[in-house]
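Down below is the structure, laid out as structure tokens.
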Amino acid sequence: DQYAASVLNGEELAGPHVRAACQRHVNDRKRKDLKWDGEAAQHIIDYYAKVLRLSGTHEGQPFILHPSQQFIVGSLFGWKFPNGFRRFSTAYVEEAKGNGKSPLAAGIGLYMLTAMKDMRAEIYSAAVDKDQAKILFRDAVAMVDQSPALTRRITKSGGKDGDWTKVWNLAYMETASYFRPISSENHGRGKSGFRPYCVLLDEVHEHPTDAMVEFTRKNIKGRPGALVLMITNSGINDPGSVCLRYHNYAAEVAKGTRKDDTFFSYVCALDVGDDWKDPAVWKKASPMLDVSVPSSYLEN
């Protein structure tokens, strides 16, 4: 609520599609056929701060979400249907490089692995190839290693001799659940019995076809509360790309020209007529400008 209000009153600079997403949130708060669960939204925000720890430059520090990140995860877990099931089963998040999309997505995967208490939950980091899929997954492994709470509860497979980059599975024994990386190199073939609870699709702009996206979306249909999260930084200039298709769909859903109550949209972009060389508009593409993305980096 706070982020949506600050965007719409101009206090927080944002592009057209994020403004539309915030207006959608405000409009939906008035609907009787949807339920807003503020406690559920706050629960995942608190999970990041209390359970997750950052790696790299901010090694070991609590994962305090930026307001734009609070809006994303709060929306995904706060919005529900009247029957109590979570509203959004598909989400598309597009931000410039350096805005922490992969760690944010890894945190969602760990939350759905450990906090939702769903039995035999299958969590996947998915990308166009195995190496790419492991980037997001390694963020999750690093978070587990940095978190005393998760270290006690999660069992790692692989990573012999202390090499954490070789870990290929995170198991949560309490619910017989796991988190592991997969790739779309075989375009979804040979994955019979695939019953994902959460699929984190990284770098959607690099996917040559929509095979992996649609394969995962098809396979979550029988599991209430399941989520497919797509993250990307750009790659929308190719008129035939998968990413452009979802970019356009997400923008239309946010604006309200296409109705899809199960699709969450957060698309960062400049307004038509903005000069990309003007630092004053950069935050529209990079909401974490001067938080995780230094202005000096973009300047260079």
Side-chain angles (χ1 to χ4, degrees), residues 1-22 25 41-78 91-111 135-136 138-140 142-143 146-147 200 202-205 229-235 250 254 264-271 274-300:
D1 286 350
Q2 209 167 40
Y3 180 75
S6 63
V7 165
L8 294 175
N9 67 22
E11 186 179 322
E12 183 79 18
L13 185 65
H17 310 310
V18 171
R19 295 197 302 270
C22 290
H25 174 81
Q42 191 63 50
H43 190 268
I44 184 171
I45 291 169
D46 291 343
Y47 178 91
Y48 274 83
K50 295 176 180 178
V51 177
L52 299 182
R53 296 291 181 270
L54 295 167
S55 60
T57 305
H58 305 288
E59 191 86 3
Q61 294 183 20
F63 197 151
I64 307 299
L65 293 174
H66 183 266
S68 63
Q69 296 175 318
Q70 291 184 16
F71 179 76
I72 292 168
V73 302
S75 295
L76 290 178
F77 291 86
Y92 178 89
V93 176
E94 180 182 316
E95 300 174 298
K97 292 175 74 69
N99 279 266
K101 295 182 294 299
S102 293
L104 184 72
I108 289 173
L110 291 170
Y111 183 78
I135 292 175
L136 190 156
R138 282 200 295 268
D139 282 333
M143 285 182 196
Q146 292 295 322
S147 169
L200 310 166
D202 200 6
E203 306 294 13
V204 177
H205 65 276
L229 169 63
M230 294 177 273
I231 60 175
T232 189
N233 59 61
S234 184
F264 174 76
S265 165
Y266 189 86
V267 180
C268 296
L270 301 186
D271 281 275
D274 281 344
D275 181 1
W276 65 267
K277 296 183 292 296
D278 181 3
V281 302
W282 288 351
K283 195 172 184 181
K284 294 181 181 181
S286 292
M288 293 180 66
L289 187 68
D290 289 323
V291 177
S292 63
V293 184
S295 293
S296 58
Y297 169 78
L298 293 185
E299 188 95 37
N300 288 335

Q) If you look only at pairs with a residue in residues 281-300, which of them pass as a salt bridge (Lys or Arg N to Asp or Glu O under 4.0 Å), with sequence neighbours excluded? A)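 Sorted pair list: Glu12-Lys283, Asp271-Lys284, Asp274-Lys284.
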Any side-chain heavy atom of [X] within less than 4.5 Å of one from [Y]?
X: Pro62; Y: Arg53; result: yes
X: Leu54; Y: Ile64; result: no
X: Leu104; Y: Ile231; result: no
X: Tyr3; Y: Val18; result: yes
X: Asp1; Y: His25; result: yes
X: Asn99; Y: Val293; result: yes
X: Ser68; Y: Met288; result: yes
X: Phe63; Y: Met143; result: yes

Would you give the length of the straight line joining atom [atom1] of [X] to atom [atom2] of [Y], rounded to the nearest 0.5 angstrom?
X: Ile45; Y: Lys50; atom1: CD1; atom2: NZ; answer: 11.5 Å
X: Lys97; Y: Leu298; atom1: NZ; atom2: CG; answer: 12.0 Å
X: Leu200; Y: Leu229; atom1: CG; atom2: CG; answer: 5.5 Å
X: Lys101; Y: Tyr266; atom1: NZ; atom2: OH; answer: 11.5 Å
X: Ser265; Y: Glu94; atom1: OG; atom2: CD; answer: 9.0 Å

Q. Which heavy atom in Asp139 sits nearest to a heavy atom in Ser102, and how many Å separate them?
A.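 Minimum heavy-atom contact is OD2-CB, 3.3 Å.
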Q. Closest heavy-atom contact between Leu13 and Ala280?
A.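 In this case the closest contact between Leu13 and Ala280 is CD2-O, 3.2 Å.
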Q: Name all residues meeting the ring pair (Phe, Tyr, Trp, His ring centres under 6.0 Å) criterion together with Tyr111; count only those two or more places apart in sequence or in a different chain, and write none if there are none.
A: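 In terms of ring pair (Phe, Tyr, Trp, His ring centres under 6.0 Å), with neighbours along the sequence ignored, Tyr111 is linked to His43, Tyr47, Phe77.
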Q: Decide if atom CD of Gln61 counts as having more than 12 heavy atoms of other residues, nucleotides or ligands within a radius under 6.0 Å.
A: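 Yes, CD of Gln61 has more than 12 neighbouring heavy atoms, counting only those of other groups under 6.0 Å.
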Q: Using side-chain contact (heavy atoms from CB on, under 4.5 Å) as the criterion, list what pairs up with Asn300, not counting sequence neighbours.
A: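 Asn300 satisfies side-chain contact (heavy atoms from CB on, under 4.5 Å) with no other residue.
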